[in-house]
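All values derive from a computational prediction rather than experimental measurement.
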Amino acid sequence: MNKERLYDAFGELIYALAMADGLIQPEEIHALNTILQGHPWASQIKWSFNYEASKKLDLKEVYKKALDTFTQHGQDKEYVYLIEILQKVAKASDGIDAVEQEIIELFQKDLKENFIIEMEKRQLV
């Protein structure tokens, strides 16, 4: 899997989080732009985020598509950065609400579980 697809998935997941309350807030966009400054794949992540926002796809479908990509890609240090992005975007508009916190925690749990399942399939554990 190429890096472009990985960073598309970043944008997809960030979109799902930002839309969790039904509306993308300007503060969330500002936070996303701020945290992505200087990241080599910032334009790809923003493009993917904007693409998902323009299509207004089902959030569960977008989440699943992103999670599938992360699972196929495998472990990556960039997931720590992605979680930081999610937390900062969620915090940007009136703090992290219960739905946003649930999405962040679900992502961490799902990612871990999918990696364990994948490692078991490959008989690595």
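- Side-chain contact check for Y63 and D58: no donor-acceptor pair (N or O, by modelled atom type) lies under 3.5 Å.
- For the 3.5 Å distance criterion, the side chains of Y7 and E78 qualify, holding a donor opposite an acceptor.
- Checking V62, D110, L106 one by one against L67, the side-chain contact (heavy atoms from CB on, under 4.5 Å) holds for a single residue, D110.
- Around atom CD of E102, no more than 12 heavy atoms belonging to other residues, nucleotides or ligands sit under 6.0 Å away.
- By the salt bridge (Lys or Arg N to Asp or Glu O under 4.0 Å) test, E113 is found to be paired with K109, residues two or more places apart in sequence or in another chain being considered.
- No donor-acceptor pair under 3.5 Å is formed between the side chain of S48 and the backbone N or O of Q44.
- The pair E27-K88 does not count as a salt bridge, with every side-chain nitrogen at least 4.0 angstrom from each carboxylate oxygen.
- Atom OH of Y51 has 12 or fewer neighbouring heavy atoms from other residues, nucleotides or ligands inside a 6.0 Å radius.
- Counting non-hydrogen atoms of other residues, nucleotides and ligands closer than 6.0 Å to CG of D94 gives a total of 12 or fewer.
- Of the residues L13, L17, V99, the one that meets the side-chain contact (heavy atoms from CB on, under 4.5 Å) test with I104 is L17.
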Quick one: do K3 and D8 satisfy salt bridge (charged side-chain N to carboxylate O under 4.0 Å, His left out)? Show the steps, please.
-> CA-CA 9 Å; K3 285 285 192 177; D8 280 345; over 6 Å; no

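- Summarising the local packing, CD of E61 is surrounded by 12 or fewer heavy atoms from other residues, nucleotides or ligands at distances under 6.0 Å.
- The salt bridge (Lys or Arg N to Asp or Glu O under 4.0 Å) check on E28 picks up nothing, with sequence neighbours excluded.
- Under the salt bridge (Lys or Arg N to Asp or Glu O under 4.0 Å) criterion, K64 pairs with D68, sequence neighbours left out.
- For an aromatic pair to be called close, the ring centres must be under 6.0 Å apart, and F70 with F107 satisfies this.
- In this structure, K91 does not pair ionically with D97, as no charged nitrogen and carboxylate oxygen lie closer than 4.0 Å.
- In this structure, the separation between OG1 on T69 and CG on L6 is 8.0 Å, given to the nearest 0.5 Å.
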